Amino acid sequence: GGEGGGVATVRVLPNLSPAKRATVRVVVLRRDSGVVLTAGSGCLVSRDGHVLTAAHLFVSARSGALFHGFAPSEVLVAVGVYVDDAAPSRWAHVPRSL
C-alpha cells in the first residue's frame, strides 16, 4: 500500500521467486453466494498494483456479456498474491464494489 505523498511501500519476500512476485490470482465471484464465476491469473505491471490479465475473466467468450451476465454490483473481484514459493496464494484484495 502507499504511504505519505503517494510513495509505494514494497516488501521484499526472500522466499519468493521473481516470477511469483509478479504473479497474482484473479477470481470473479458472485457476491450473494460466493460461487466462482471465473478464475485466472495476472501479472503485476506497476508498483501501485495495476494488473494485466485476460479479458475472459470479465467478458463471456460465448455471449460477450460483462461478468457473465451479472451486474457489477452482484460480483466481487478477488486478487490473490504469493508470499512464499512453497505456499498457496493468499487473498490480498477484495473490493467492496466495482
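Nothing fancy with the numbering, it's 1 onward along the sequence. Just so it is clear, the model here is predicted, and its values are computed rather than measured.
Between the CG atom in D84 and the OG atom in S17 there is a gap of 10.0 Å [rounded to 0.5 Å]. To the nearest 0.5 Å, the span separating CG on L44 from CZ on R21 amounts to 12.0 Å. Once rounded to the nearest 0.5 Å, the distance linking CZ of F58 with OG1 of T38 reads 8.5 Å. Atom CZ of F70 and atom CG of L76 lie 12.5 Å apart (nearest 0.5 Å). Residue L16 holds its CG atom at 10.0 Å from OH of Y82, rounded to the nearest 0.5 Å. Here the NE2 atom belonging to H56 is positioned 8.5 Å from the NE2 atom belonging to H68, to the nearest 0.5 angstrom.
Under a hydrophobic clustering in which Ile, Leu, Val, Met, Phe, Trp and Tyr are joined whenever their side-chain heavy atoms come within less than 4.5 Å, directly or via other members, V51 and V45 fall into different clusters. Hydrophobic clustering (side-chain heavy atoms under 4.5 Å, transitive across Ile, Leu, Val, Met, Phe, Trp, Tyr) keeps L52 apart from V26.
A heavy-atom distance below 4.5 Å is not found between the side chains of W91 and V79. No side-chain heavy atom of R31 sits under 4.5 Å from any side-chain heavy atom of V75. You'll find the side chain of D32 stays beyond 4.5 Å of the side chain of E74, heavy atoms only.
Across L29, V35, V36, a single residue satisfies side-chain contact (heavy atoms from CB on, under 4.5 Å) together with S33, and that is V35.
Between the side chains of S89 and R25, at least one donor N or O sits under 3.5 Å from an acceptor N or O.
Pairing each heavy atom of V27 with each of A39, the nearest pair is CG2-CB, 4.0 Å. Here the closest non-hydrogen pair linking R30 and L37 is CG-CD2, 3.8 Å.
S41 places no side-chain N or O within 3.5 Å of a backbone atom of V24 that could act as its donor or acceptor partner.
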